[in-house]
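Starting from 1, each residue takes its place in the sequence as its number. Every heavy atom of this structure was used, including side-chain atoms; hydrogens, water molecules and symmetry mates were not.
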Amino acid sequence: MRPLLMLPEMLTFGGGLLVLIGGSFMPRQRQWWARIVAAAALIGVVVVSAVGITAPDQTAFDGAFAADTTTAVARITAAIGVLVVLALAGDDITATARESETYALLLFSTTGVMVLAGTDDLLVLATGYLLASIPLYGLIGLSRSGQAAEAAVKTYLIGALFGITLLLGVTVLYGISGATRYNDLAAQLRGAPVAVVVTGVVAVVAGLMFEAGGVPGHFWVPDATQGAHGVAAVYLTTVPKIGALIALYRVAAVVPHTVAWPLLIAIFAVASMTLGNLAAYGQQDPRRLLGWSTVSQVGYLLVPITVAGHSRLALPSLLFYLIGYTLTNSAAFAVSTALPDRRDLSAYRGLARTRPWLAGALLVALLGLAGTPPTSVFVAKLTTAMAVWDGGLAWLAVVVFLNSLLSLVYYLRWIAPVFQKPEILSDFTTGEWSARTAIIAAALSLGIGVTAGPLWDVLSTAPLR
């Protein structure tokens, strides 16, 4: 049956419902079972989606949802990203008052992310956007601190503004085309007034930038990463980007050439990577630094979208970057979650002497985010630059290179104290779940970079539209 093509989304949402309802009947000391249920649902998603990669491309619900290689890769990447988050929960929120609710919110938002990644219809795009966004407000506010409350309110207000903006764009595009399916849009928008099409496209792109955490919808990200639990911080800086950026790629692929959409997305990309890098320079809190870092990473991830349909490297490089970034960024945040009381870069002084494996994971993660070989993000940045060069936007490849050099400076500001001799020997008491997760995620990031060929071959089979 066609609806079963959305079985991974059903498993994820059903797991969220089971965790939410079942958790209300269990004492707080036994909420660990909810994490097992959530993990089982996500493992099921990985298995089903892995089988789907080899299946022929299909559509569900009269073409509103694409069950293709791109969707399968997005599902697997999102599920793995949330599994990493669940591993961190072993230290961060175990036996807390809202443990099962946190897992339910994670699964509900992830369902929205998967819907965003596979949608081929503007109405489904809006539905996935709302489902992915609304649980974020609760996740951020569960920390029960002044900073978290401020971040949750800011995220809610900005999310409402950009949600309205996205719905405005959907309304405008539907109004001038009479269609919501992407294939129909591609045909109907060619003869539409350019100014109206530009208005609709800009509104949709801006709305998706909130979900991705890029300029101009980025203002909430640093506050959220600083104030929220480590579980929420890791999730909101990785998984939502998967759905938002793949959704943007699918939209860009159907925008008519009467609109200079590559330049539009290039402007968002340059603004995100440059502003994120510059703002990260003055940060002393490691999580706030990573918050601005993730804004800059959105800029790099937008780069291959500028040549959607113009280079065969565009989609594989975007998918590869999403996989590498999810693991690498998770490793960096996992280190900060393992050391929750170290909220200043100087507090990491001497970490390499007492926790060498954890320091090694942080080194791999931060150098990976900067794009240092042979990490997976380095391969992703290289293929991204090759894609835009191949697509005729060579100047954007130069901007990627220059911004990568700029980012290395503030990552080194965190790395330097890690390998310095401490004035007073400090005991780095770590959360074991988080420490192990950081090491495993960093090792996977490095391993994917070293053995990138087989994965690239799989990603290259994704349809180019």
inquiry  = Between Y174 and L123, is the side chain to side chain contact (heavy atoms under 4.5 Å, CB included) condition met? List the steps.
reply    = CA-CA 10 Å; Y174 172 71; L123 296 180; over 6 Å; no
Verdict with reasoning, D390 to R312, per salt bridge (charged side-chain N to carboxylate O under 4.0 Å, His left out) = CA-CA 9 Å; D390 180 55; R312 295 190 61 83; over 6 Å; no
request  = Check the pair L122, Y182 against side chain to side chain contact (heavy atoms under 4.5 Å, CB included), reporting the backbone distance first and the verdict last.
outcome  = CA-CA 7 Å; L122 288 177; Y182 289 175; 3.9 Å; yes
task = Could you walk me through whether Y235 and S109 pass side chain to side chain donor-acceptor pair (under 3.5 Å), step by step?
result = CA-CA 10 Å; Y235 179 83; S109 180; 2.9 Å; yes
inquiry  = Working note: E211 + F162, criterion side chain to side chain contact (heavy atoms under 4.5 Å, CB included); need CA distance, chi angles, decisive distance, verdict.
reply    = CA-CA 9 Å; E211 191 71 36; F162 281 90; over 6 Å; no
query = Can you check side chain to side chain contact (heavy atoms under 4.5 Å, CB included) on T127 and V115, steps first, answer last?
reply = CA-CA 8 Å; T127 303; V115 171; 5.6 Å; no
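Between the side chain of T111 and the backbone N or O of L107, at least one donor-acceptor pair lies under 3.5 Å. Side-chain atoms of Q297 come within 3.5 Å of backbone N or O of L369 as a donor-acceptor pair. A donor-acceptor contact shorter than 3.5 Å is absent between the side chain of T384 and the backbone of V303. Proximity of a side-chain donor or acceptor of S49 to a complementary backbone N or O of V45 within less than 3.5 Å is detected. The backbone N or O of N403 sits less than 3.5 Å from a side-chain atom of N277, completing a donor-acceptor pair. In terms of modelled atom types and a separation under 3.5 Å, the side chain of T274 and the main chain of A271 share no donor-acceptor contact. Within the 3.5 Å criterion, the main-chain N or O of A380 finds a donor-acceptor partner in the side chain of T383. In this structure, the side chain of S272 does not engage the main chain of A269 through any donor-acceptor pair within 3.5 Å. Proximity of a side-chain donor or acceptor of T328 to a complementary backbone N or O of Y325 within less than 3.5 Å is not detected. S133 places no side-chain N or O within 3.5 Å of a backbone atom of L130 that could act as its donor or acceptor partner.
If you take CZ on R355 and CD1 on I439, they are separated by 10.5 Å, rounding to the nearest 0.5 Å. Rounded to the nearest 0.5 Å, atoms CG (L11) and CG (L42) are 9.5 Å apart. With rounding to the nearest 0.5 Å, the separation of CG in D91 from OG1 in T337 is 8.5 Å. To the nearest 0.5 Å, atom CG of residue L106 and atom CG of residue L136 are 9.5 Å apart. Within the model, atoms OH of Y137 and OG1 of T155 stand 8.0 Å from one another, a figure rounded to the nearest 0.5 Å. In this structure, OH on Y411 lies 2.5 Å from OG on S293, to the nearest 0.5 angstrom.
Between T238 and V82 there is no side-chain heavy-atom pair separated by less than 4.5 Å. Between V204 and L208 the shortest side-chain heavy-atom distance falls below 4.5 Å. In this structure the side chain of F65 never reaches within 4.5 angstrom of the side chain of T59, judged on heavy atoms. Looking only at side-chain heavy atoms (C-beta outward), T102 and H229 stay at 4.5 Å or farther from each other. Looking only at side-chain heavy atoms (C-beta outward), I323 and V73 come within less than 4.5 Å of each other. Between L290 and W414 the shortest side-chain heavy-atom distance falls below 4.5 Å. Between M273 and V399 the shortest side-chain heavy-atom distance falls below 4.5 Å. Side-chain contact between T375 and L367 is absent, with no heavy atoms from C-beta onward closer than 4.5 Å.
The environment of CH2 in W389 is sparse: at most 12 heavy-atom neighbours from other residues, nucleotides or ligands sit within 6.0 Å. Heavy atoms from other residues, nucleotides or ligands lying under 6.0 Å from CH2 of W433 number 12 at most. Heavy atoms of other residues, nucleotides or ligands lying less than 6.0 angstrom from CH2 of W32 number 12 at most.
When all heavy atoms of A152 and I140 are compared, the closest pair comes out as N-CG2, 3.7 Å. For the residue pair S330 and V234, the shortest heavy atom distance occurs at OG-CG1, 3.7 Å. Heavy atoms only, all atoms of each residue included: L88 and V231 are closest at C-CG2, 4.2 Å. Closest non-hydrogen pair, A365 versus A332, comes out as CB-N, 3.7 Å. For A89 against Y103, the heavy-atom pair with the smallest separation is CB-OH, 3.6 Å. Across A370 and S407, no two heavy atoms sit closer than the pair CA-OG, 3.8 Å.
If you check the side chains of S460 and W456, you find a donor sitting under 3.5 Å from an acceptor. Under 3.5 Å, the side chains of S376 and S445 contain a donor-acceptor pair of N or O atoms. Between the side chains of K241 and T326, no donor-acceptor pair is found at a separation under 3.5 Å.
Comment: D62 engages R181 in a salt bridge, judged by a side-chain N to carboxylate O separation of less than 4.0 angstrom. Classification of R75 and E9 as a salt-bridged pair holds, one side-chain N sitting under 4.0 Å from a carboxylate O. Under the 4.0 Å criterion applied to side-chain N and carboxylate O atoms, R250 and D68 are assigned as salt-bridge partners.
A cation-pi arrangement is found for K381 relative to Y300, the charged atom lying closer than 6.0 Å to the ring centre and inside a 45° cone about the ring normal.
A side chain to side chain contact (heavy atoms under 4.5 Å, CB included) with S100 is found for one member of L20, L105, V19 and no other, namely V19.
With ring centers used as reference points, F210 lies under 6.0 Å from W220.
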